[in-house]
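So the structure is just underneath, and the comments pick up after that.
Numbers here are sequence positions counted from 1. Values in this document were obtained by computation on a predicted structure and should not be read as measured data. Start at 1 and go down the list; that is how both ligands and their atoms are numbered.
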Amino acid sequence: MSQTNRSGQTVSTEIDLALFGALGDLAQRKLFPALFHLEREGLLDPATRLLGLARQDYDLDGFRKQIEKALKTYVKAEELDRESLARFLARLDFLQLDFTKPEGYAAVREWRQDVGRPMVVYLSVAAKIYGDICRHLEASGSLDDQSRVVVEKPIGYDLDSSAEINDAIGAVFPESRVYRIDHYLGKETVQNLIALRFANPLFGTQWNQNHISHVEITVAEKVGIEGRWGYFDDAGQLRDMVQNHLLQLVCLIAMDPPANLDADAIRDEKVKVLKALRPFTDDMLGRDVVRGQYTAGTIDGQAVPGYLEEEGANTESHTESFVAMKTGVANWRWAGVPFYLRTGKRMPEKLSQIVIHFRQQPHYIFDPDQRGLAANKLVIRLQPEEGIALEVLTKDSGLDKGMRLRRGPLHLDFNSAFPKTRIPDAYERLLLEVMKGQQYLFVRRDEVEHAWQWCDSLIAAWEDRDEPPRRYPAGSWGPVASIAMITQDGRSWYEDY
Ligand code: BG6
């Protein structure tokens, strides 16, 4: 099957997919549902085969039943039609394998049967074994010069460990065939950031420190660590969310226009932003960074345990489940513009949103009481209710209002603007791009490494201080200090929409 790529060329999407970690949480919750949606939309090539690999011992029938169960749990009933389901399940094969041992990989080679279409290897497993899997695949003769590898974040826990993992992948796959996932790049509104910035002259001309006073990014989640203590307690919110998702958002907001939409043109610009991020020094810690950890609280009327009471918890843990920070991009475009970031688990709402605060007019002529109102804001809502709102000021209507100002949004709500279009999950788009062999939504090695370098400066400063995180009750917006952090600059976190 062929599809059109972004340059209008026709590309084949005929691949075979080998999914390592096929019985894991991500595969069940996101990857198989995303593949199923591609099937349903007619976007999976008829020849494409899907091989699930896992440590657990299942026969093919048992594996297909398990995937059907996952689809019934994670795909809406009205979208799970029988014909698509039957077609999808028929594509599945299963192989039980101990991923770290070379024995058994001959079976992958056998499954390939020299079919001539590229194999995509998707590693939904711990990053420390990426290298083993790549090596064993190569040694068993399962790969050829068209094979691609898709890897999940987090790649390592600091710059050195990520370099080691990237070296191991790079020893087998050239960079042009490595697809590093950051699923935020597949989200509809994140894609729209590029369109908004680079297709609209209105914003193109205003997008700099002359017109923007500050930028806010909030990524709040209601969920806690969802039974992932072992992983999360070693990582914490900085490594789990900021090093990747939030920094990717910063890049897309702050980057200069790329010369075109080619993967490397975009990624070169993102790297320039990462290199210009202001590093942290010890004296900034008290003022510009707040680390938090949730205690027991209430979300949607339900009592939830504190971080230290989660299953398997180490009750002495100092790992942060919340982080807020003020940073900046030290270059011509962004000099002096603070970027306030905050992200946390067990917050009152699931909300991912970017707010661009424009500067006030240089000379103000309206009611002095309303001066604080008088600036435009662009609110980009990633989830839920994807949309973009531009807050503008108009005159309040009515004979008695004089020249009172009123603030109101020009609002583009994607669900009502495009009611017939289902907003695809990020993984659907990303999997489709891998099939097309397009890398522009994937993270290049130098991006990962510059992001780590910046995070490492913060982690090192934290480690020197060794202070416990501040507590916040589950169901709140984080430690009070995170509100103080922004109010000390005469600003506040944006709350309306
Ligand atoms: C993942 C993190 O990358 O992103 C999780 O590991 C987090 O801890 C998730 O919950 C959030 O993704 P989304 O798409 O729900 O915002």
Side-chain angles (χ1 to χ4, degrees), residues 21 24-31 33-34 37 73-74 122-128 150-157 162 179-193 217-252 291-294 299 304 307 310-313 317 319-323 341-354 380-387 414 423-431 441-443 447-448 451-452 455 474 478:
D25 188 54
L26 181 75
Q28 305 277 300
R29 245 178 347 114
K30 292 283 183 185
L31 304 179
H37 278 293
T73 313
Y74 298 112
Y122 196 122
L123 303 183
S124 177
V125 296
K128 60 177 188 289
V150 185
V151 291
E152 275 290 337
K153 62 146 272 262
I155 300 189
Y157 52 89
S162 84
Y179 293 73
R180 292 183 194 79
I181 293 242
D182 183 312
H183 76 278
Y184 268 53
L185 293 180
K187 289 186 190 274
E188 185 78 12
T189 326
V190 176
Q191 300 266 289
N192 251 310
L193 250 180
I217 304 179
T218 294
V219 178
E221 297 181 82
K222 274 198 213 173
V223 293
I225 54 168
E226 298 186 291
R228 297 185 300 160
W229 177 274
Y231 154 72
F232 190 85
D233 198 56
D234 285 342
Q237 196 73 354
L238 180 76
R239 291 182 173 99
D240 186 47
M241 296 293 288
V242 180
Q243 190 271 344
N244 33 77
H245 307 323
L246 275 89
L247 285 189
Q248 284 294 326
L249 297 179
V250 169
C251 286
L252 293 176
R291 297 174 77 221
Q293 190 186 71
Y294 60 85
I299 297 183
V304 295
Y307 182 77
E310 295 279 4
E311 202 187 322
S317 171
T319 298
E320 80 287 350
S321 58
F322 172 96
V323 58
L341 317 182
R342 67 173 168 170
T343 177
K345 309 249 183 259
R346 290 288 192 218
M347 322 254 353
E349 294 174 37
K350 180 164 178 72
L351 170 73
S352 300
Q353 149 178 302
I354 300 166
I380 302 157
R381 176 70 81 91
L382 272 48
Q383 57 192 17
E385 294 149 26
E386 293 87 342
F414 293 167
I423 296 183
D425 184 73
Y427 278 99
E428 294 172 42
R429 187 189 314 278
L430 296 173
L431 283 160
L441 291 181
F442 298 88
V443 184
E447 289 181 72
V448 176
W452 272 125
C455 282

Check: Would you call Asp240 and Lys345 a salt bridge, using N to O less than 4.0 angstrom?
Finding: yes
Can a non-hydrogen atom of Arg228 be found less than 4.0 Å from any atom of ligand 1?
-> yes
Test side chain to side chain contact (heavy atoms under 4.5 Å, CB included), reference Phe232, set Glu226, Arg239, Glu310, Gln237, output is Gln237
Under 3.5 Å side-chain donor-acceptor pair for Ser124 and Glu152
no
*asked:* Quick one: does any side-chain atom of Thr319 pair with a main-chain N or O of Gly236 as donor and acceptor, under 3.5 Å?
replied: no
Are any of the heavy atoms in Phe232 under 4.0 Å away from ligand 1? no
Do ligand 1 and Gln383 have nitrogen or oxygen atoms that lie under 3.5 Å from each other? yes
Among non-hydrogen protein atoms, atom 16 (O) of ligand 1 lies closest to Tyr184 OH, 2.5 Å
Answer whether the closest heavy-atom distance between the side chains of Phe442 and Ile181 falls below 4.5 Å.
yes
Counting from 1 in the order shown, the ligand 1 atoms closer than 4.0 Å to a non-hydrogen atom of Lys345 are 5 (C), 7 (C), 8 (O), 10 (O)
Looking only at protein heavy atoms, what sits closest to atom 6 (O) of ligand 1 is Asp240 OD1, 2.6 Å
Exercise. Spell out, as yes or no, whether a donor-acceptor pair under 3.5 Å connects the side chain of Gln293 to the backbone of Ser317.
Key: yes
In this structure, atom 12 (O) of ligand 1 is nearest to the protein heavy atom His183 NE2, 3.1 Å
for atom 7 (C) of ligand 1, nearest protein heavy atom and its distance come out as Glu221 OE1, 3.3 Å
| query | Short question: side chain of Arg180, backbone of Val443 - any donor-acceptor pair under 3.5 Å? | reply | yes
So the atoms of ligand 1 within less than 4.0 Å of a heavy atom of His245 turn out to be 1 (C), 3 (O), 4 (O)
For Lys187, the atoms of ligand 1 under 4.0 Å from one of its heavy atoms are 13 (P), 14 (O), 16 (O)
Tightest non-hydrogen contact, residues Tyr307 and Ala313, listed as O-CB, 3.9 Å
re atom 15 (O) of ligand 1, the protein heavy-atom contact at minimum distance is Lys350 NZ, 2.7 Å
So for Glu226 against ligand 1, with non-hydrogen atoms under 4.0 Å, the contacting part is neither
